[in-house]
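First up is the structure itself, then whatever we jot down about it.
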Amino acid sequence: MKWWLIAWREIRWEVFLDRASLLRTAIFVVIPIFFVLSNRGIAPGASGDVALIGLALQSVFFPSLSGVALIAATFTAEKENGTLVPLLAAPIRDFDIVLGKLVGMVLPVMAACAVTLAAGYGLAGYRYGYERVARVLTPELLYAVLVLSFLYLVTTGSVTMIVAARVRSSRAAQQIAGLVIALSAAVFAGLGLVASQVGEGWPLLALGVGLVLFDLVALEIARRVWQRGEVIGRV
Amino acid sequence: MIDVRGVTRRFDGVVALADASFQVNPGEIVALLGPNGAGKTTASRIIGGILAPTEGDVLVDGVSVREDANAVRARCGFVTDQPSLYERMPLRAYLAFFARLYDVGSPDTRAAELAKLLGLDDVLDRRLGTFSRGMRQKVAIARALVHDPPVLLLDEPATALDPEMAQILRGFIVSLRARHRAILLTTHDLDEAQRIADRVVVLYKGRVVRIGATTDIRSAGRPRYAVAFAGDIAAARDALARAGIDAEAAAAKNGLAVLRFGTDDPATTNPAALRALLDAGLRVVTLSAEERSLEDAYLAILAEARR
């Protein structure tokens, strides 16, 4: 369980004490809530239901974006400050280091996603009627949306880790993270459009399956590029 | 305790370490010397299990780094030139974190013990980001000692420390030798190496070009002597030249002129030198053997390696 030691250290001493990351996460939490508040009305019928699902997706998607920047920052900061060397010198498996750092970033962001989703759900119920919101956003769908955001976070996190292993500065990593965020926003917007056209929830399932497959590949690459020998060659 | 056996390491085809072999025994400090890019850091990282050797093997406390790198890491304490600390963490939490990573029982107690040992017990709850350079290096040493390892790998531990702090650090390293630790000290500071190292390993372009006891390495080569006298230095040189001794002028000492010469046969040359100087009417005050510094010996070894 050494990965948990690393994860908890990240959460306790890096995420919670990093004002910039807290502010960034707070902004990404507020944006979807603002969308719920600023939406003038939800049309009756299927199109309105899709809009509600869209709001729910935004509630988890936006906080997830902050996680990408967080992961980029933490890995390159370790490289820049040389703090990775003592960690690599300890009797820990390479995978535990990668897993620990990833979990340390993913957990707080998932908590932010859950909070935003709950807040968005409550606000949407207040504005558009609890009965309607409960009918569209079923517990199963909310659960699926959270799982989707988790998979998205692991996917983009793995990609960011791979990039962070290659770049030299946290500035460069942040720029790459920005690119990942922009690209994924575009992809999700496209997928959202497809989901609204096809309906029945199948696109969401397909997206989930796609993300799981991508995660497996990306995590394996991330594990390889963060192996001791590889990392030390670049520190 | 540390047994490096024919280790080679290549990075993208570039040889950083080539067939290196040496040992470090318990209760011994071995200085790993060499110019930049000689492979010192690569060697200590391979020994510490951070980097895998391309060829060869390292045994640490009898455990092969190839077979069980994690067990090797658990036996090594690693100090780098940069303290590399998590700046947001307080000292207590930082040391306890590493104690847990090394499976130390009672991590908080161990953190407090180490802080006391290194004189940091009054700043246990202060954030590491507020520490001075010397304090940070002490923390890095405490981190390396957190699991009480039998082997210590110190990579430029005194870099950027002020002389007083460097002296304290040297004293501490020597105290660890007394506690039977095997210590590999990678350094550019030859004065530091001369003071505390029992043996020296010199690397050049990844190859071990000299291994030996520090005293043996310093005394190797042609013995040199210095003669201090009152009188004209040019006349003295001429007198020595007539006796077949090639001397060079050195800085004056205590108002006396000084000439230096080397000889393979001091029993014959030194009386001849004295006689020549006295016959020339010069008042010789001292004729003494010159102790070669490790720096001189090291530079001579490198010059030889380059040839």
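Computed over heavy atoms, backbone and side chain alike; hydrogens, waters and symmetry mates excluded. Naming: A, B, ... by sequence-line order, numbering from 1 per chain.
Residues A:L5 and B:F98 fail the side-chain proximity criterion, which asks for heavy atoms closer than 4.5 Å. Counting heavy atoms from C-beta outward, A:R9 and B:M89 have side chains that approach closer than 4.5 Å. Taking 4.5 Å as the limit, every side-chain heavy atom of B:R73 sits out of range of all side-chain heavy atoms of A:I92. With contacts defined as side-chain heavy-atom distances shorter than 4.5 Å, the pair B:Q82/A:T83 does not qualify.
Of the inter-residue distances, the one linking A:E78 atom CD with B:S84 atom OG reads 10.0 Å to the nearest 0.5 angstrom. We find the CZ-CG distance between A:R93 and B:N70 to be 8.5 Å, quoted to the nearest 0.5 Å.
Remark: A:F150 CZ is loosely packed, at most 12 non-hydrogen atoms of other residues, nucleotides or ligands lying under 6.0 Å away. For B:K205, the NZ atom is loosely surrounded, since the number of other residues' heavy atoms within 6.0 Å does not exceed 12. The environment of CZ in B:R177 is crowded: more than 12 heavy-atom neighbours from other residues, nucleotides or ligands sit within 6.0 Å.
Listed options B:P90, B:A140, B:P83, B:A93 were ranked by heavy-atom pairs under 4.5 angstrom with chain A; first place goes to B:P90.
The backbone N or O of B:Y86 sits nowhere less than 3.5 Å from a side-chain atom of A:N81 that would complete a donor-acceptor pair.
Residue B:L85 touches chain A through its backbone alone, counting heavy-atom pairs closer than 4.5 Å. Of the atoms belonging to B:F78, it is side-chain heavy atoms, and not backbone ones, that fall under 4.5 Å from chain A. Heavy atoms of B:A71 lying under 4.5 Å from chain A are absent altogether. Neither the backbone nor the side chain of A:D96 comes within contact range of chain B; no heavy atoms are under 4.5 Å apart. Heavy atoms of B:R88 lying under 4.5 Å from chain A belong to its backbone as well as its side chain.
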Item to complete: Show your reasoning for whether side-chain contact (heavy atoms from CB on, under 4.5 Å) applies to A:L17 and B:E87.
Response: CA-CA 11 Å; A:L17 292 183; B:E87 308 226 325; over 6 Å; no
Item to complete: In sequence, state the C-alpha distance, the side-chain angles, and the governing distance for B:D103 and A:K2, and then conclude on side-chain contact (heavy atoms from CB on, under 4.5 Å).
Response: CA-CA 9 Å; B:D103 299 314; A:K2 284 183 181 172; 3.0 Å; yes
